[in-house]
Amino acid sequence: MVTSNHPDTAEEVRGFGVPFFHVPSAGPDKSAAEAEHLRLLQDNVDFVVLARYMQILSGDFIERVGVPIINIHHSFLPAFIGTGPYAQAKERGVKLVGETAHYVTEDLDEGPIIEQDVVRVTHADTAADLRRRGADVERAVLSRAALWHAEDRVVRHANHTIVFA
């Protein structure tokens with residue numbers, strides 16, 4: 001299933017025969033949205049993949065969901081955490097932009113890393129160019145991480161992962 005705080009992809013998702021549930025999440029209090037997500041996910045999933053969610057999950061939600069949560073961060077972690085990583089990268093004059101898929105923990109963007117990849121950029125690229133080029137890498141990194149997790153090829157050890165070929 002797909003649960004989303006964005007209703008714009010509902011028809012595309014349903015077109016693949018996948019159930020879609022819109023769960024609005026606005027304002028600083030996310031408790032109602034998290035409760036609805038928990039209700040939908042309870043006993044229905046083996047793991048959760050976050051994509052375009054752009055919300056910070058509470059520690060209570062992470063604990064209560066009871067399954068691993070995989071997030072994609074549009075940055076080559078540990079650099080440029082939080083929001084606006086492409087603008088941060090442009091300001092620093094990076095030569096590579098990358099994406100990181102990791103398990104979610106209470107420490108924002110610091111969970112065990114599953115997969116990363118990069119693409120080379122130049123000084124001529126704008127922040128928008130970096131964002132566009134990173135989006136292609138993001139799709140590949142997130143899909144590999146989710147696949148490897150689903151195939152039981154990822155073992156968590158402390159704040160690290162071991163990914164088997």
Side-chain angles (χ1 to χ4, degrees), residues 1-86 88 98-117 131 134-165:
M1 84 177 83
V2 171
T3 66
S4 177
N5 59 334
H6 302 283
D8 56 327
T9 58
E11 292 311 309
E12 292 175 48
V13 170
R14 289 179 181 136
F16 286 100
V18 175
F20 181 94
F21 301 93
H22 177 231
V23 181
S25 181
D29 183 6
K30 310 287 188 225
S31 59
E34 287 189 351
E36 180 62 6
H37 282 296
L38 287 169
R39 185 188 72 75
L40 291 166
L41 298 171
Q42 190 67 39
D43 300 324
N44 284 321
V45 297
D46 296 315
F47 64 101
V48 173
V49 177
L50 301 176
R52 293 184 56 207
Y53 191 59
M54 301 303 288
Q55 307 286 322
I56 296 173
L57 298 174
S58 71
D60 181 61
F61 178 88
I62 294 168
E63 182 180 325
R64 290 181 59 206
V65 74
V67 296
I69 305 170
I70 298 172
N71 187 34
I72 186 72
H73 183 72
H74 44 280
S75 176
F76 194 60
L77 292 175
F80 312 127
I81 63 173
T83 61
Y86 293 113
Q88 294 176 52
E99 311 298 318
T100 303
H102 63 92
Y103 288 111
V104 172
T105 65
E106 286 192 57
D107 298 318
L108 182 63
D109 297 331
E110 293 189 19
I113 293 170
I114 304 166
E115 172 64 336
Q116 295 179 294
D117 206 349
R131 188 177 307 108
D136 293 336
V137 177
E138 181 177 342
R139 289 178 191 91
V141 167
L142 183 58
S143 63
R144 286 192 302 259
L147 176 67
W148 296 342
H149 178 88
E151 293 176 337
D152 293 323
R153 293 173 47 194
V154 183
V155 175
R156 289 174 70 163
H157 177 72
N159 201 41
H160 300 282
T161 62
I162 301 165
V163 181
F164 293 96

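Reckoned from all heavy atoms, side chains included, excluding hydrogens, waters and symmetry mates.
No more than 12 heavy atoms of other residues, nucleotides or ligands lie within 6.0 Å of CD1 in Ile56, so this atom counts as exposed by the packing criterion. Applying the 6.0 Å contact sphere to CG of Asp8 captures more than 12 heavy atoms from other residues, nucleotides or ligands.
Nearest heavy-atom pair, Val23 versus Ala33, reported as atom, atom and distance to 0.1 Å: CG1-O, 3.7 Å. Counting all heavy atoms, side chain and backbone alike, Asn159 lies closest to Gly111 at OD1-C, 3.7 Å. Taking all atoms of both residues into account, the shortest heavy-atom contact from Gln55 to Asn5 is NE2-ND2, 3.5 Å. Among all heavy-atom pairs drawn from Pro19 and Val13, the shortest one is O-CG1, 4.2 Å. Heavy atoms only, all atoms of each residue included: Lys30 and Ser25 are closest at CD-OG, 3.0 Å. Scanning all heavy atoms of the two residues, the minimum distance from His37 to Ser4 falls at CE1-N, 4.5 Å.
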With a 3.5 Å cut-off and sequence neighbours excluded, list the donor-acceptor pairs that the side chains of residues 58-72 form with protein atoms.
unit_1: Ser58; atom_1: OG; unit_2: Glu34; atom_2: OE1; d: 2.6
unit_1: Ser58; atom_1: OG; unit_2: Glu34; atom_2: OE2; d: 3.4
unit_1: Ser58; atom_1: OG; unit_2: Phe61; atom_2: N; d: 3.0

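Looking only at distances, no side-chain donor or acceptor of Thr161 sits under 3.5 Å from a matching main-chain atom of Val163.
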Q. What's the verdict on side chain to side chain contact (heavy atoms under 4.5 Å, CB included) for Tyr103 and His149, showing C-alpha distance, side-chain angles and the deciding distance?
A. CA-CA 10 Å; Tyr103 288 111; His149 178 88; 2.7 Å; yes
Q: Apply side chain to side chain contact (heavy atoms under 4.5 Å, CB included) to the pair Asp117 and Arg144, showing each step before the final yes or no.
A: CA-CA 11 Å; Asp117 206 349; Arg144 286 192 302 259; 3.2 Å; yes
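Annotation: the span from Leu41 atom CG to Glu36 atom CD amounts to 9.5 Å, rounded to 0.5 Å. To the nearest 0.5 Å, the span separating OG1 on Thr3 from NE2 on His22 amounts to 10.5 Å. Atoms OG1 and CZ, from Thr9 and Arg14 in turn, are 9.0 Å apart once rounded to the nearest 0.5 Å. A distance of 13.5 Å separates NE2 of His73 from CG of Leu142, quoted to the nearest 0.5 Å.
With 3.5 Å as the limit, one finds a donor-acceptor pair spanning the side chains of Ser31 and Asp29.
Counting only heavy atoms from C-beta outward, the side chains of Leu57 and Leu50 approach each other to under 4.5 Å.
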